[in-house]
Protein chains: 2
Amino acid sequence: MTSINSGWSRRRAAAGIKASLRALRNQMSLLNHQVGARLELRDVDLDCLEIVQEHGPLTPSALARRAGLHPATVTGILDRLQRGGWVARERDPDGPDRRAVLVRALKDRNAELLGLYAGMSTALDGLLAGYDDDQLALLADFLRRTTEAGRTATEELGRD
Amino acid sequence: MTSINSGWSRRRAAAGIKASLRALRNQMSLLNHQVGARLELRDVDLDCLEIVQEHGPLTPSALARRAGLHPATVTGILDRLQRGGWVARERDPDGPDRRAVLVRALKDRNAELLGLYAGMSTALDGLLAGYDDDQLALLADFLRRTTEAGRTATEELGRD
DNA sequence: AGATACGATACGGAGAGCATATCATATGAC
DNA sequence: GTCATATGATATGCTCTCCGTATCGTATCT
């Protein structure tokens, strides 16, 4: 009895978490859209900027692969990001591949960006204050592993 | 001493969670992008479809407000979603406002959509199996409250 | 009733995204 | 080495998206 009920309630709980995850992604993307509008950047520009900030410096083609975009599309995105002072294109004449360009995230406008996320950041601070250290660690670990699962799933869909 | 160290480590933990949240949003959007590509839908189409599925049926203008888009843009998005059989536009001649259109999510292609998310869903099932009921409840509550915080932050940026 | 506001969409222009071409550089076979 | 082929980044041109505005129908207010 207990095990049956338990299995059923766990399934419900898991489904609920998946739905919440979808809703969260959607809401955060809506927030990103507002932020991008203030900065005159497209959603995809912010997506790419985030990749460069987290995984950069990298080449435009590596960025294109990671973002699932055509290399020519990335050229246009980088033009906008560079024009706005968000990234720099670096060519290294002494590098191993002189065709390659390295895209590096600049910090010049970080404060501005942080400012636009301030509302969310403050709300999160308040929310997180209600958790003890163990719970925070649990959340961090869950987010990290879910992201990793997302990366795998994305790559699987991207192949072919 | 302990309180100072504790405060400092909590701050680090909170910052880490915020960064993980950003990375997670980004990765899930990349996954969505791949899903959308398979369905010949733009990212924004999937965003809107999700809103309709979760908060619908609603009018195009309500959807535009929620998504932070121009009403004319939503017309085009709904054209694509309708053409693909994802939503239906309903006009109710007996409704309180005969100008209004109601956008309703259809279930016809739900299985197809679920299939594209299957990789992520399975990975999540495995991940969630490692948590007990209390931990699942903690995660669900965190996701729900974070989404709510995101909604507030988005609305604040959207006003003006 | 008339004036005004609002919902949805048509239309046109600016620009995004991408397939392809181009040019420079790398890599491999011989 | 030399030639052929592959690869990185970007230019070019085409299609489609997004959005400002106009339009049409309906609702609301006085």
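Below, chains carry the letters A, B, ... as their sequence lines are ordered, and counting in each starts from 1.
Straight-line distance from the CD1 atom of A:Ile77 to the P atom of C:dC18: 8 Å, rounded to whole Å. Rounded to a whole Å, the CD atom of B:Gln82 is 13 Å from the P atom of C:dA8. Protein atom CG of A:Asp92 is 11 Å distant from nucleotide atom P of C:dA26, rounded to whole Å. Between B:Glu90 atom CD and C:dA8 atom C1' there is a gap of 16 Å when expressed in whole angstrom units. Rounded to an integer number of Å, the gap from B:Leu78 CG to D:dC19 C1' is 15 Å. For the pair A:His70 NE2 and D:dG8 C1', the interatomic distance rounds to 13 Å; values are reported in whole Å. The CG-C1' distance, from B:Asp43 to C:dA16, rounds to 13 Å in whole Å. Atom CZ of A:Arg83 is separated from atom C1' of C:dA16 by 12 Å (rounded to the nearest Å).
Comparing A:Asp97 and A:Arg42, the nucleotide of DNA chain C nearest to each residue sits closer to the 5' end for A:Arg42. Taking the nucleotide of DNA chain D with the nearest heavy atom to each of A:His33 and A:Ala62, the more 5' of the two is matched to A:Ala62. When each of B:Arg99 and A:Leu69 is assigned the nucleotide of DNA chain C with its nearest heavy atom, B:Arg99 is the one assigned upstream, toward the 5' end.
Remark: A:Thr75 is not in phosphate contact with D:dA9, judged by side-chain N or O atoms under 4.0 Å from OP1 or OP2. One finds a side-chain N or O of B:Arg89 lying less than 4.0 angstrom from the OP1 or OP2 phosphate oxygen of C:dT9. Contact annotation: A:Arg80 reaches the phosphate of C:dG17 (side-chain N/O to OP1 or OP2, under 4.0 Å).
A:Val44 comes within 4.0 angstrom of the backbone, heavy atoms only, and of no base. Here B:Pro60 lies in heavy-atom contact (under 4.0 Å) with sugar-phosphate atoms only. If you check every strand for non-hydrogen atoms under 4.0 Å, B:Thr73 touches a base.
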In sequence, state the C-alpha distance, the side-chain angles, and the governing distance for B:Asn32 and A:Arg25, and then conclude on side chain to side chain contact (heavy atoms under 4.5 Å, CB included).
CA-CA 10 Å; B:Asn32 251 27; A:Arg25 202 260 349 144; 3.0 Å; yes
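Residue A:Gly85 comes nearest to A:Leu106 through the heavy atom pair O-CD1, 3.6 Å, listed as atom of the first residue, atom of the second, then distance.
Under the 3.5 Å distance criterion, with hydrogens and angles disregarded, no donor-acceptor pair is assigned to the side chains of A:Thr147 and A:Arg151.
Using a 4.0 Å cut-off between a side-chain N of Lys or Arg and a carboxylate O of Asp or Glu, B:Asp47 and B:Arg42 do not qualify as a salt bridge.
Looking at the side chain of B:Arg98, the nearest of the listed nucleotides D:dT26, C:dT20, C:dT9 is D:dT26.
Panel note: side chain B:Gln135, backbone B:Asp132; a donor-acceptor pair is recorded below 3.5 Å.
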